[in-house]
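Take a look at the structure below.
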Amino acid sequence: MNEFNVVKETFDIIYGSLPMPIFLFDEKARLVKANQAFLDLSKANAADLQSFFVASFFKVLKTYRFPVPDRYVTELTSLSGEVIPVELNYTKFSGSDDYAKGCIVFLTDLRETHKLKEHINQLAIEKDV
């Protein structure tokens with residue numbers, strides 16, 4: 001059994017209750033699993049999950065790549081249209097033929113971080129005035 005299938009079969013047990021939004025997609029970029037935190041963030045319904053592709057939530061990947069591989073800052077667009085800044089970390093799964101079989105993605109919601117930065121900037125502006 002390949003790594004992707006192991007993660008797919010154990011996804012709910014391992015990642016289901018974690019507060020960090022996590023999802024798994026296959027080689028066609030179709031979502032196959034997601035935990036409740038991702039469903040809440042994206043406003044997706046678990047019953048409809050497999051009808052979504054990565055592009056359903058990351059229409060335009062405005063990424064800022066870190067020096068660390070496989071780590072980006074980008075924006076997730078929820079099904080309600082809300083644009084949410086996120087940090088995206090992922091791990092790819094390849095088969096014995098070296099072709100991608102899927103990918104697991106871990107997200108960090110950066111809205112609170114952005115609010116704090118805006119507040120600090122506002123305080124700096126007020127101090128200078």
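Keep in mind the model is a prediction, meaning the values are calculated, not measured. Positions are given from 1, in the same order as the sequence printed here.
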Give a yes or no on whether Val6 and Ile104 share a hydrophobic cluster (residues Ile, Leu, Val, Met, Phe, Trp, Tyr; joining criterion: side-chain heavy atoms under 4.5 Å apart). no
Hey, could you give me the OG1/CG distance between Thr108 and Asn89, rounded to the nearest 0.5 Å? 6.0 Å
Could you tell me which non-hydrogen atom of Phe11 sits nearest to which non-hydrogen atom of Asn35, and how far apart they are? CE2-N, 3.5 Å
Out of curiosity, does Phe106 fall in the hydrophobic cluster containing Val73 (side-chain heavy atoms, cut-off under 4.5 Å, transitive links)? no
All pairs passing side chain to side chain donor-acceptor pair (under 3.5 Å) where residues 13-33 contributes a residue, at least two apart: Asp12-Lys33, Asp26-Arg30
Measuring from Phe23:CZ to Leu49:CG, what's the distance to the nearest 0.5 Å? 10.0 Å
Which value, rounded to the nearest 0.5 Å, describes the distance between Leu39 atom CG and Asn45 atom CG? 7.5 Å
Verify same cluster id: Val105, Phe4 (apolar side-chain graph, 4.5 Å): no
Phe52 versus Ala44, closest heavy-atom pair with distance: CE1-CB, 4.2 Å
In this structure, CD1 of Ile84 is separated from CD of Glu75 (nearest 0.5 Å) by 10.0 Å
To the closest 0.5 Å, what do you measure between CG (Asp109) and CG (Leu41)? 5.5 Å
For the residue pair Asp40 and Gln36, confirm or rule out a side-chain donor-acceptor distance under 3.5 Å. yes
Any idea which heavy atoms bring Asn2 and Asn5 closest together, and the distance? OD1-N, 2.8 Å
Between Phe57 and Phe38, does the ring centre distance come in under 6.0 Å? yes
Answer yes if Leu31 and Phe93 sit in the same cluster of Ile, Leu, Val, Met, Phe, Trp and Tyr residues linked by side chain heavy atoms under 4.5 Å apart, and no otherwise. no
Ignoring hydrogens, what is the shortest heavy-atom contact between Leu110 and Val86? Give both atom names and the distance. CD1-C, 3.6 Å
In terms of hydrophobic clustering (I, L, V, M, F, W, Y; side-chain heavy atoms under 4.5 Å; direct or indirect links), are Phe58 and Met20 co-clustered? no
To check you understand the geometry: which heavy-atom pair defines the closest contact between Pro19 and Ala37, and what is its length? O-CB, 3.3 Å
Inter-residue atom distance Lys8.NZ - Lys101.NZ, 0.5 Å rounding: 12.5 Å
